[in-house]
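Working notes for the structure below.
Here the structure is a predicted model, which means the values were calculated and not measured.
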Amino acid sequence: MEKFHGVDYYGIEELLSDEERMIRDAVRDWVEAEFLPVVTEHHRAGTFPVHLIPKLGELGVFGATLKGYGCAGLNHVAYGLIMQELERGDSGLRSAASVQSGLVMHPIHAYGSEAQKEAWLPLLATGAKVGCFGLTEPDHGSDPGSMKTRARRQGDAFVLSGTKLWITNGSIADVAVVWAKEDDGEIGGFLVERGTPGFSTLDIHGKFSMRASITSELSFQDCRIPLANKLPSVRGLRGPLGCLSQARYGIAWGAVGAAMACYDWALQYAQQRVQFGKPIASFQLVQQKLVWMLTEITKAQLLALQLGRLKDQGTARAQQISMAKMNNVQMALDTARMARDIMGAAGIVDEHPVIRHMLNLETVNTYEGTHDIHTLIIGRDITGLDGFGL
Ligand code: TGC
Ligand code: FAD
């Protein structure tokens, strides 16, 4: 009987086009050659390899589904495969690409003026400029609609005041997409450029998760934003939530990549590690764990792929994206914990990537809507009843 190798148990490879496979392989090769050799030192230091940002731009990962403005115009499945391969490296690497693409370039492309698009999109696509997305506040995470940040109209400017917390790439961003309530209480989006008087950032230290990623606080103290920096084509919570749909979609694929890395590693380890005179992979309980991981990864791959095809048809619903984000991240976290367990003591050191993925996935479970918030989004969809306690 032919032995199975790899993490494609159902021949999903055959469901991809040549172009999709080629893009995936190019990103996979790049991550292996350029990112994996440096990730451990960055994880230890709590830094992000910023020198790789322009290289990600050269690879075409930023805003990859957007058309025009120097963007690649790929389909959503190809974009998902890119996210899978980046997160196979590290969730922080995928985060950098998710934020730049889904949370910064998408809102500028979808809600921005022509001048804003021309000014920012080509530079963000190459990685010459970096963006961040400010929605969460110290007192408002799962419930962003209650945000306190205000944008008051004063003459030829908006005056921004408030604080955003837990912002990926906040301190290295050239532009922040910031969501704030205007005078009438409606939410608007604003492009805040680095160096604007009254705008400052502070990095968050002491993280045990997403160490190879920058997470910051953004502070706005009577910060004057020109009228031309307001995103003109959206108002209300659906503005930021529309961006989250893009990023959550990428996470659904990215989580599969992290799980594949953990499964791969644990399988090889179990085949080599000998206890009681036999490879631990020969023990039924270890096999049960490996089989569970591969089965769940396979289901998650199919969920992500079909969601991608729905997105490419233009029929994917936000609630379907919630299901894939919720399921695939939980699956990846469980897989990482199981892989760590299979590796015994060796599983806790960063010589192996498993503990890094496991710790990162605690964040991925929380950001872009916690697992429970997505459960409630789907619960509301299928029952018509609001479980948020509103
Ligand atoms: P609700 O009544 O549900 O919605 C308000 C309006 O928004 C529309 N909408 C959406 N539009 C597009 N995409 C979506 N996913 C949408 N979800 C809702 C909705 O139709 C409505 O539109 P309209 O025109 O009728 O007004 O609002 P709610 O207040 O009841 O519900 C909110 C809830 C809990 C679902 C939502 O606030 C939520 O998703 N909370 C979680 C917050 C969150 O995910 N934060 C993420 C912050 S960014 C981040 O984590 C980046 S991590 C970056 C990295 O990768 O490093
Ligand atoms: P809370 O909302 O306080 O939730 C705490 C707990 O209560 C959770 O378990 C939650 O599920 C539960 N809960 C809340 N409400 C309910 C309810 N109605 N019913 C049942 N349970 C409920 N945000 C940005 O805007 N931009 C970024 O770039 C960004 N990057 C991030 C990077 C990192 C490393 C991290 C950790 C976070 C990032 N975030 C970012 C913030 C992230 O989106 C929030 O942490 C997340 O939305 C949850 O908010 P919270 O942490 O305030 O938790």
Listed once per pair and sorted, the salt bridge (charged side-chain N to carboxylate O under 4.0 Å, His left out) pairs that draw on residues 201-212, sequence neighbours left out: none
Quick one: side chain to side chain contact (heavy atoms under 4.5 Å, CB included) partners of His51, sequence neighbours excluded? His42, Pro49
Side-chain donor-acceptor pairs under 3.5 Å in residues 234-248, sequence neighbours left out?
unit_1	atom_1	unit_2	atom_2	d
Arg235	NH1	Asp184	OD2	2.8
Arg235	NH2	Glu182	OE1	3.4
Arg235	NH2	Asp184	OD1	3.0
Arg235	NH2	Asp184	OD2	3.2
Gln246	OE1	Lys311	NZ	3.4
Arg248	NE	Glu368	O	2.8

Throw together a table of side-chain donor-acceptor distances under 3.5 angstrom for residues 89-99, partners on residues two or more places apart or in other chains.
unit_1	atom_1	unit_2	atom_2	d
Asp90	OD1	Arg356	NH1	2.6
Asp90	OD1	Asn360	ND2	3.0
Asp90	OD2	Gly92	N	2.8
Asp90	OD2	Asn360	ND2	3.4
Ser91	OG	Glu87	OE2	2.7
Arg94	NE	Glu87	OE1	2.5
Arg94	NH1	Ser98	OG	2.9
Arg94	NH1	Tyr367	OH	3.3
Arg94	NH2	Glu87	OE1	3.2
Arg94	NH2	Tyr367	OH	2.8
Ser95	OG	Tyr367	OH	2.6
Ser98	OG	Arg94	O	3.1

Electrostatic pair Lys55-Glu34, nearest N-O below 4.0 angstrom: yes
A quick test of your reading: do over 12 heavy atoms of other residues, nucleotides or ligands sit less than 6.0 Å from CD of Glu118? yes
Which heavy atom of Ser209 sits nearest a heavy atom of Leu359, and at what distance? OG-O, 2.5 Å
Pair Asp264, Gln268: side-chain N/O donor-acceptor within cut-off below 3.5 Å: no
Any donor-acceptor N/O pair, Glu13 side chain to Arg21 backbone, under 3.5 Å: no
Pairs satisfying salt bridge (charged side-chain N to carboxylate O under 4.0 Å, His left out), at least one member in residues 185-196, at least two apart: Asp174-Arg194
Step-by-step side-chain contact (heavy atoms from CB on, under 4.5 Å) determination, Leu135 to Met147: CA-CA 8 Å; Leu135 179 63; Met147 68 176 66; 3.6 Å; yes
Arg152: which residues meet the salt bridge (charged side-chain N to carboxylate O under 4.0 Å, His left out) condition with it, sequence neighbours left out? none
Considering only NZ, NE, NH1 and NH2 on the basic side and carboxylate oxygens on the acidic side, decide whether Arg337 and Glu362 come within less than 4.0 Å. yes
Is it the case that atom CD in Glu41 sees more than 12 heavy atoms from other parts of the structure closer than 6.0 Å? yes
